[in-house]
Structure formats: C-alpha cells, structure tokens
**Q** 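Got a structure for you, questions after.
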Amino acid sequence: MRYVLFHILILSITVSGFAQEQLEEEVKQINIVYGANFTKDEIQYPGAVIFSKDNRQVQFEHKGADLWCDIAIYYQKENRLKATGNIRLQQGDSVQMTSGKVDYDGNLNLAKAWDNVVLTQNEMTLTTDTLRFNREVQQAYYQDFGTVVDSINTLTSQIGRYFLETKKLQFLDSVHIQNPDYILDSKQLDYYETTKNAYLYGPSTIVGNAYKIYCERGFYDTKVESGYFIKNTRIDYSNRIIRGDSVYFNKAREFASATNNITVTDTVNDGIIKAHYAEVFKAKDSVFATKRAVSIGLMEQDSLYVHGDTLMVTGKPDHRILRAFRNAKWFKKDMSGKCDSIYSDQKTGITHLIKNPILWNGPNQITGDTILLKSNLETEKMDSLKVLNNAFIISLDSISMVGYNQAKGKDLFGKFNDNSLEIIDLVKNTEVIYYMYNEDDELIGINKTICSAIQITMANNDIEDLTFFTNPDGDIFPESELPENSRLLKGFDWRGDERILTKDEIFDEDDNNLILPIIRGISNPIDFEIEATGVENEKTNKANGTQTEEQYEEVPIEDGLSPGFYLIANVYENKRNYEKFMKNLIAQGLRPNHFYRNFNKYYYVYLNRYDTLENAKKARDSQFNGQYQAKTWIFRVLNN
C-alpha cells in the first residue's frame, strides 16, 4: 500500500508541476528522483511528505542541481524541502556542497545549509557553519566565520560571499589570508579565485619576508607578491619606510615605486627623501627620486635640505652616498649653497659641490671651481672647507652696507667652529680688500693688499683679523683716495640676491608649479568597487534602455532593516557625499531613502523597497519606471 501511495504521489507531483510550469515559466517544481521510504506526519509537519533513505539516499533534482540526503521533509505546494543527514548538493561537474542540514526553497532557488558546511568548486573549498546558497544569482553567503582554501592560500573572515559565475570571493570583517610566504589582514577584501588577485578595502596589512605593507585601498597579486596601493599607504622595506598617494611593490624585482606626495624614510640614518616620484631598489640598496625631490638629513640637531632635479641615494646603511643632479641646492641654518651637482659620501663625511658652486656661510659668499665640505663624523658638525681654483670670498660691509670685503686666491682652506667659519687660509696669488673701522665704527680706511698667502680670522661671520704671509704689498687707503673702480677685485661677482635664506627657496618656479598626475583608481575586473564617491556596478550595460546584467547582494536581518528587496542607487562612505546625492535625487522629483550598515560603515541610498525579487527586478530593468537613468542594483535583506 505504501508503494502505491508513493506512485500516486509521484504522478500528482508531475501533473501539478507541469501545470504550474505552463502558468509560470520562471518557477520550476522540485523533482523527486529517488524517494526510498515514504511517510507523513501531519501533526509535526502538516502538508509535508517525509522521505528517508534505504540502501540509497533520497535524491531530488531542481534546475540543474541534484541533492542527496538521508531524510527529506518535502512541502510540495510550497515547493520547498528540509533535508538532514549526509547532504550533498551537486551543481554541474564542478560545484558541490555538503552539510548536515539544508532548507531548500524551489521558488527562490535558495538553499540554507548548516552543520559543517563545505562548498567546493574546482580547486576552491569553502567551509563554514551556516551558508546560504542562492542559485538564482549563483552566490553563496555566510556570516558566522568561514574558511576558504585554494591551491596557494587559506582565507578566513567573519562574513563572506562567493560569486560562483565569476569565481569571486568577497570577504568582510576580520579578513585573514595565510600563505607560506606572507600573511594578509584586512577589513574587507575581494578575492578572485582564477587569478588569485585581491582587492583591499579599509585598513589592510600584508607582512612578508623582508617587507610590510599597510594601506586602506589597494590591489595585491597573491601569486607573485606584487601590488598597487592608493590610500594611506606605508611600505616598510629594506631599512626604509615608503609613503605616497600611489605606491607599487614587486617582491620578485625587489622594487617599489611611489607617485605624488612621497616620503622615503631611512630608518637607520634618520634621513628622509620627499618627492612626487621615487623608486626603491632593494638589491642595489638605492633610492631614485625626482619631481620636487629633497633629501632631509640631520646635522647637529639641525636639518640639512638637499635638492636637485634628480636625487639618488645608494649604498649600504653604513655607507650611504647622496647624489643630486642638475640645479642642485642645499640649505641649513647659517649655511646654504647651489651648484650643478652634489656628491655627498656619508662614510668620509665629504660633500663635493660640482660645477659652478657657490656657498653662503652667514653673509659670506664663497665661490670657486670646486668646493669640498667635510663634516666631523663623531660630532656631526661642519669640520672644514676646501675651495680649489679661483677661490673668492665676498661679504657686504656690515657697517656701511655699501662696500664689499673681498679676498681671493688660487685655493682656499677653511676651518669651522660650531658650523661657522673661524679660520680661512688663502694661498697663491692672494689679494684682499677690507674696510677697517675703529672701536667707534668710524672708517679708518680701505686695506688693499696682495701677497702669497693670507689668513683671515672670523668672529660672528665677520672679519676679526688679517695676517699676510711672504712679501705683502699694499696699503690702507683713505676712502677718498681709493676710486670706486679700484674697490673691486678682478673676478668680483656679488650674487647676494641668489642667497638661499629658507628651506623653501631651494625650489624654483618649475618645482612649485608642478602639475601632478591624477592617481588612477583600482577597478575590480568584473563588478563594483567602493570609493568615497560611491559604489557602482561596473558590469551593468544598457541595451535599448534596459539594464541586462545584475549586481545582487543579500544579508540576514541587521541594523533593524525590514526584510525585502532594496533597489540601490549608490553607496557612500562619506556622509556628506550621500547627503548631497540624496538632495540631487529629491531635486529630480524622486523620494529616495537610505540606511546605514554598521559592519562596513557605509550609507546605502535606495529608490524603493519591494516584497518580491520579481518586482525589484522589474523596477531595476525599467530604470525605476523611467524615472532614474543611472545604474541600480538589488540588495536583499533575508527574513530570518
């Protein structure tokens, strides 16, 4: 009798299913492939048929998927079932889900699985306690922690969604990737199973062998440890910290580069390079920087600023070499200079000013064919100065503020005390013009002398004493007896208007008027990205005014949201932006609303809420009955 009833039931289901399919093609009845044992319990399961396994498991089929279980409670009229025991859901050749329990809704093509859920597709395995598998849109969702394992990575998160068609995983809250070569933690991450590429949103950290990356928006290729990062990025790499608006990193090449508002910090030597473009080469232990590039070093608790069209820092931490090419300038308190190029060797303490160098120490202007500065490696103070060939020192007379004190010779050798020139020795064919005053600052005369060598003693950046060596020839002339044209030595070239008085003056007009490149965003290859300006579905195309491809998301009830289908117009991280967008919609005659999700801190602006997916799709595909031309997508809140 039991088997007779079973065959009658099968016939009834088949006829009913056929009639319903004719009336509504979108809904397909769940088919019973193998029912095994059959019974009913109207008290506990009213309106349901109960199937249990014999030597074979109970089997159902629905829209290309087969489900096996030990026991199934099947509600024919409602087109849904509850399955328990050794459940296996097979979709095609590549997708399989196993669990202890499943609730399956044939009208919505939705399976809710719990109790040791395992979803596999090719090389990817997802395990969690509870999983909702929406076969209508081919998405699987969990919110109670899940683990994904593929051929190279193990990924975990509190909340996750898997897009089966695109093989994309979207992880939210406490995202962690474990790889033999690195670990990655993020607030939100999109991961593409085929390419192994990760797209990072919110605070994210990647720690690998010899590097550490922090960013709040970025892309990372997990196969080759290479990435591109564009928000609040910091890379700790090879004794350096790299920051910039846009930073690229490639482990295999041992290379990093940055664009716009860059800072590269030498953590060993406390040096800093700022620029708008920079490259770091780990193997060569070098930094290349350009576009308003400046090196900032510490000298006796005072910052030394070195600028050039291009800067290069090379060498190991204990032997850094700084090169500044073309239009080189430098500045520190009481001292500055400029030349074509600068070469500074940290180990020897020697800085070489190359081609047309000029140096200012206080008010004293020093020029020559070549200038060498040497610092004391122990005290980090300026130690000595060499000016080779055509040495010339000039200062404006500090009392009259008209004449110029001058001294010249073939070479100049200077000695510093507390970073101020104290002793200056000029040798070979030396000449001097010096304004002499008494204690009352009254001009005594103008000393004009030539000799083989001169020693000048300085105090407070002014001449205190002159000593002439080997047959000096000269005199002290009253001001009235020395013509104006005789008061300047041959080769005199006062360039006081070029003196660099502040650190900002090392930059010229071109440096200060740079047009910085626009940093490109990071677009996910398939769907939408989250930015401050909003979230949009990048894959949505229009054909004859209809959006043909959909973005869809569903979540359990949260933050007091009513169950249903929300037609989303945009998503914003910034409250000010979403309020502006709302005002624009209202100005168009629409009546939008919004909600705020605590788990991702975003504002969702929606045009309307619908009770059924069918009505929500109609509104989306009709562009909200022709009232809203931009892209929209559906956000579902489940009724738990």
Side-chain angles (χ1 to χ4, degrees), residues 299-302 304 330-337 339 344-345 348-353 357-399 403-437 439 444 446-474 476 489 491-496 499:
M299 179 176 287
E300 197 202 6
Q301 304 304 312
D302 184 22
L304 171 64
W330 62 283
F331 170 83
K332 70 181 296 294
K333 186 179 178 181
D334 295 328
M335 189 175 293
S336 60
C339 56
S344 182
D345 189 323
T348 63
I350 295 174
T351 298
H352 189 179
L353 309 183
I358 182 170
L359 170 69
W360 289 276
N361 179 236
N364 301 301
Q365 173 186 297
I366 302 171
T367 56
D369 291 354
T370 298
I371 296 179
L372 298 172
L373 288 161
K374 190 175 189 310
S375 61
N376 186 309
L377 299 179
E378 293 183 3
T379 64
E380 296 184 343
K381 296 181 180 181
M382 295 302 299
D383 178 78
S384 57
L385 164 72
K386 288 183 181 181
V387 182
L388 305 179
N389 294 324
N390 298 310
F392 210 127
I393 179 169
I394 308 171
S395 64
L396 180 66
D397 177 29
S398 59
I399 297 176
Y404 295 90
N405 296 315
Q406 306 152 63
K408 61 179 289 190
K410 181 178 180 297
D411 300 320
L412 180 154
F413 302 94
K415 192 71 176 175
F416 288 90
N417 183 20
D418 286 334
N419 291 319
S420 293
L421 272 174
E422 186 174 66
I423 302 294
I424 299 174
D425 289 304
L426 283 156
V427 298
K428 296 183 182 179
N429 304 321
T430 61
E431 300 179 54
V432 67
I433 292 178
Y434 172 58
Y435 286 72
M436 302 181 66
Y437 293 86
E439 293 181 355
I444 297 173
I446 302 174
N447 187 334
K448 186 173 183 180
T449 302
I450 60 173
C451 62
S452 295
I454 302 172
Q455 185 174 86
I456 305 173
T457 302
M458 307 287 290
N460 299 320
N461 289 318
D462 205 352
I463 296 174
E464 184 178 67
D465 190 27
L466 292 172
T467 304
F468 302 99
F469 299 94
T470 313
N471 301 321
D473 181 13
I476 299 174
L489 297 176
F492 174 90
D493 183 13
W494 176 245
R495 296 162 63 183
R499 182 182 170 190

**Q** How many angstroms lie between atom CG of Leu421 and atom CD1 of Ile463, to the nearest 0.5 angstrom?
**A**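 The CD1 atom of Ile463 is 11.5 Å from CG of Leu421, to the nearest 0.5 Å.
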**Q** Roughly how far apart are Phe413 CZ and Ser384 OG, rounded to 0.5 Å?
**A**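 Spacing of CZ (Phe413) from OG (Ser384) equals 10.0 Å.
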**Q** Drop me the distance from Asn364's CG to Leu396's CG, to the nearest 0.5 angstrom.
**A**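 Here the interatomic distance stands at 10.5 Å.
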**Q** Roughly how far, to the nearest 0.5 Å, is CG of Leu353 from OG1 of Thr370?
**A**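 The distance works out to 9.0 Å.
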**Q** Under the rule for side chain to side chain contact (heavy atoms under 4.5 Å, CB included), what residues qualify as partners of Ser398, not counting sequence neighbours?
**A**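 Partners of Ser398 by the side chain to side chain contact (heavy atoms under 4.5 Å, CB included) criterion, ordered by chain and then number, come out as Asp462.
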**Q** Does some side-chain heavy atom of Ile476 sit less than 4.5 Å from a side-chain heavy atom of Ile446?
**A**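 A side-chain contact under 4.5 Å is absent here.
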**Q** Please identify each residue that fulfils side chain to side chain contact (heavy atoms under 4.5 Å, CB included) with Ser452, with sequence neighbours left out.
**A**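 Residues passing side chain to side chain contact (heavy atoms under 4.5 Å, CB included) with Ser452: Thr470.
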**Q** Would you please name every residue forming a side-chain hydrogen bond (donor to acceptor under 3.5 Å, both in side chains) with Thr351, sequence neighbours left out?
**A**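 With neighbours one apart ignored, the set is Ser344.
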**Q** For Asn447, check side-chain hydrogen bond (donor to acceptor under 3.5 Å, both in side chains) against everything at least two apart and list the hits.
**A**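 Expected list: Thr449.
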**Q** Can you name the salt bridge (charged side-chain N to carboxylate O under 4.0 Å, His left out) partners of Lys415, sequence neighbours left out?
**A**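 Partners of Lys415 by the salt bridge (charged side-chain N to carboxylate O under 4.0 Å, His left out) criterion, ordered by chain and then number, come out as Asp383.
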**Q** Of all heavy-atom pairs between Cys339 and Pro357, which one has the smallest distance, and what is that distance?
**A**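 In terms of heavy atoms, the two residues are closest at CB-CA, 3.6 Å.
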**Q** Can you sort out the partners of Asp425 under salt bridge (charged side-chain N to carboxylate O under 4.0 Å, His left out), two or more places apart, ordered by chain and number?
**A**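 So Asp425 forms no salt bridge (charged side-chain N to carboxylate O under 4.0 Å, His left out) with any residue.
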**Q** Kindly write out the residues that satisfy salt bridge (charged side-chain N to carboxylate O under 4.0 Å, His left out) with Arg499, not counting sequence neighbours, or none if the list is empty.
**A**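 For Arg499 there are no salt bridge (charged side-chain N to carboxylate O under 4.0 Å, His left out) partners, ignoring immediate neighbours.
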**Q** Could you give the distance from CD (Gln406) to CD (Glu431), rounded to the nearest 0.5 Å?
**A**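 Output value for this atom pair is 9.5 Å.
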**Q** Begin with the C-alpha distance, continue with both residues' side-chain angles, and end with the deciding distance and a verdict on side-chain hydrogen bond (donor to acceptor under 3.5 Å, both in side chains) for Tyr434 and Asp397.
**A** CA-CA 9 Å; Tyr434 172 58; Asp397 177 29; over 6 Å; no
**Q** Can you tell me how far OG1 of Thr430 sits from CD1 of Ile456, rounded to the nearest 0.5 angstrom?
**A**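 Here the interatomic distance stands at 9.0 Å.
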**Q** Kindly check if the number of other-residue, nucleotide or ligand heavy atoms within 6.0 Å of CG (Asp493) is above 12?
**A**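 Count over threshold, so yes.
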**Q** Which of these, Asp473, Ile450, Ile454, sits in a side chain to side chain contact (heavy atoms under 4.5 Å, CB included) with Phe468?
**A**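 Only match with Phe468 under side chain to side chain contact (heavy atoms under 4.5 Å, CB included): Ile454.
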**Q** Residues in side chain to side chain contact (heavy atoms under 4.5 Å, CB included) with Asn417, at least two apart?
**A**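 Side chain to side chain contact (heavy atoms under 4.5 Å, CB included) list for Asn417, sorted by chain: Glu422.
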**Q** Please list, one pair per line, the donor and acceptor atoms closer than 3.5 Å that link side chains of residues 385-392 to other protein atoms, with sequence neighbours excluded.
**A**
{"residue": "Asn389", "atom": "OD1", "partner": "Lys410", "partner atom": "NZ", "Å": "3.1"}
{"residue": "Asn390", "atom": "ND2", "partner": "Asp369", "partner atom": "OD1", "Å": "3.1"}
{"residue": "Asn390", "atom": "ND2", "partner": "Asp369", "partner atom": "OD2", "Å": "3.1"}

**Q** For Lys408 and Ile393, run side chain to side chain contact (heavy atoms under 4.5 Å, CB included): C-alpha distance rounded to whole Å, both residues' side-chain angles, the deciding distance at 0.1 Å, then the answer.
**A** CA-CA 6 Å; Lys408 61 179 289 190; Ile393 179 169; over 6 Å; no
**Q** Check the pair Ile399, Tyr435 against side chain to side chain contact (heavy atoms under 4.5 Å, CB included), reporting the backbone distance first and the verdict last.
**A** CA-CA 9 Å; Ile399 297 176; Tyr435 286 72; over 6 Å; no
**Q** For Tyr404, enumerate each residue passing the ring pair (Phe, Tyr, Trp, His ring centres under 6.0 Å) test, keeping only those at least two apart in sequence or located in another chain.
**A**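 With sequence neighbours excluded, Tyr404 shows a ring pair (Phe, Tyr, Trp, His ring centres under 6.0 Å) to Phe492, Trp494, given in chain and number order.
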**Q** For Leu359 and Leu373, what are the C-alpha separation, side-chain angles and deciding distance, and is it a side chain to side chain contact (heavy atoms under 4.5 Å, CB included)?
**A** CA-CA 10 Å; Leu359 170 69; Leu373 288 161; 4.2 Å; yes
**Q** Considering all heavy atoms of both residues, which atom of Arg495 and which atom of Gln365 are nearest to each other, and what is their separation?
**A**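 Minimum heavy-atom contact is N-OE1, 2.8 Å.
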**Q** Please report the C-alpha distance between Ile424 and Met458 in whole Å, then the side-chain angles of each, then the deciding distance to 0.1 Å, and finally whether the side chain to side chain contact (heavy atoms under 4.5 Å, CB included) criterion is met.
**A** CA-CA 8 Å; Ile424 299 174; Met458 307 287 290; 4.0 Å; yes
**Q** Quick check: closest heavy atoms across Pro472 and Cys451, and the distance to 0.1 Å?
**A**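 That would be CA-CB, 3.5 Å.
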**Q** Output all residues satisfying side chain to side chain contact (heavy atoms under 4.5 Å, CB included) with Asn471, sequence neighbours left out; order by chain, then residue number.
**A**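 Residues passing side chain to side chain contact (heavy atoms under 4.5 Å, CB included) with Asn471: none at all.
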**Q** Between the side chain of Glu464 and the main-chain N/O of Thr457, is any donor-acceptor distance below 3.5 Å?
**A**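 Pair absent, no side-chain N/O of Glu464 close to backbone of Thr457.
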**Q** If every non-hydrogen atom of Lys374 is compared with every non-hydrogen atom of Thr348, which pair is closest and at what distance?
**A**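 In terms of heavy atoms, the two residues are closest at NZ-O, 3.6 Å.
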